[in-house]
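See structure below.
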Amino acid sequence: MSRKIAIEIQGRSFAAELNDSPAAAKLAAALPLRVRMSRWGDEYYGSCGLSLAGEGGRELMEVGEVAYWPPGKALCFFFGPTPASTDERPRAASEVLPLGKFTGGVEALKGYGSGIEATIKAV
């Protein structure tokens, strides 16, 4: 069963869903969260202050995926190629844990600047 969340950035709300992983469940239990995020290519990342662990980490991502980067205790939003990409697909700097995915509108993230503040809430 997926968990619906809303990600609010500069007055706009984006719909997303968390997956069924234990890491996503731990994130859901900590909501609401406010995270300051920096841009790295077409990825935003920022420390959420949580320690999440789990199986299934990977570097190659899909557009719209939400993930957790353990070295930085960071949430990541992937919306296009990153400096680590070898093609049009997003690639993380190192393994991340997939937590879920935006369900629409992720292309709008391309219009934001070098930093954002995101508020993640349960729906």
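Note that this is a predicted model, so its numbers are computed, not measured. Computed from heavy atoms alone, side chains included, the values below leave out hydrogens, waters and symmetry copies.
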Exercise. Going by an N to O cut-off under 4.0 Å, is there a salt bridge joining Arg36 and Glu117?
Worked result: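 Glu117 and Arg36: salt-bridged.
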Problem set entry | Residues Glu62 and Lys101 bridged, charged N to O under 4.0 Å |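 So Glu62 pairs with Lys101 through a salt bridge.
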Exercise. CZ of Arg58: more than 12 outside heavy atoms within 6.0 angstrom?
Worked result: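 Result for CZ/Arg58: enclosed.
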For this session: Look at atom CD of Gln10 and say whether more than 12 heavy atoms of other residues, nucleotides or ligands are closer to it than 6.0 Å.
Result: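 It does: Gln10 CD has more than 12 such atoms within range.
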For this session: Only one of Thr103, Val123, Leu18 passes side chain to side chain contact (heavy atoms under 4.5 Å, CB included) with Lys4; say which it is.
Result: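 Single pass found, and it is Val123.
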Show me, pair by pair, the donor-acceptor contacts under 3.5 angstrom made by side chains of residues 91-98, not counting sequence neighbours?
residue	atom	partner	partner atom	Å
Ser94	OG	Trp69	NE1	2.7

Would you say [X]'s side chain and [Y]'s backbone share a donor-acceptor pair under 3.5 angstrom?
X     : Y      : value
Arg34 : Ile120 : no
Ser85 : Glu88  : no
Tyr68 : Leu27  : no
Arg89 : Gly80  : no

Would you mind reporting whether [Y] and [X] have side-chain heavy atoms less than 4.5 Å apart?
X     : Y      : answer
Val63 : Phe78  : no
Val35 : Ile116 : no
Ile9  : Phe14  : yes

Which atom names give the shortest non-hydrogen contact between [X] and [Y], and what distance separates them?
X      : Y      : answer
Ala53  : Ala23  : O-CB, 3.7 Å
Gly113 : Arg39  : O-CD, 3.4 Å
Pro32  : Lys121 : CB-CG, 4.1 Å

Problem set entry | Residues forming a salt bridge (Lys or Arg N to Asp or Glu O under 4.0 Å) with Glu43, sequence neighbours excluded |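 Glu43 satisfies salt bridge (Lys or Arg N to Asp or Glu O under 4.0 Å) with no other residue.
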Nearest 0.5 Å, what's the [atom1]-[atom2] distance between [X] and [Y]?
X      : Y      : atom1 : atom2 : result
Lys73  : Cys48  : NZ    : SG    : 9.0 Å
Thr119 : Ile7   : OG1   : CD1   : 10.5 Å
Met37  : Ser114 : CE    : OG    : 13.5 Å
Lys26  : Ser21  : NZ    : OG    : 12.0 Å
Lys110 : Asp42  : NZ    : CG    : 3.5 Å
Glu17  : Ile5   : CD    : CD1   : 9.0 Å

For this session: Begin with the C-alpha distance, continue with both residues' side-chain angles, and end with the deciding distance and a verdict on side-chain contact (heavy atoms from CB on, under 4.5 Å) for Leu75 and Leu50.
Result: CA-CA 9 Å; Leu75 286 181; Leu50 300 174; over 6 Å; no
Exercise. In the single-linkage hydrophobic clustering (I, L, V, M, F, W, Y; side-chain heavy atoms under 4.5 Å), do Leu99 and Met61 co-cluster?
Worked result: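 As far as the 4.5 Å side-chain criterion goes, Met61 and Leu99 are not connected within one cluster.
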Problem set entry | Criterion ring pair (Phe, Tyr, Trp, His ring centres under 6.0 Å) on Phe79 and Phe102, from CA distance to verdict | CA-CA 9 Å; Phe79 53 98; Phe102 283 77; 8.6 Å; no
Exercise. In the hydrophobic cluster built from side-chain contacts under 4.5 Å, what are the other members alongside Trp40?
Worked result: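 When side chains under 4.5 Å apart are linked, the cluster holding Trp40 also contains Tyr45.
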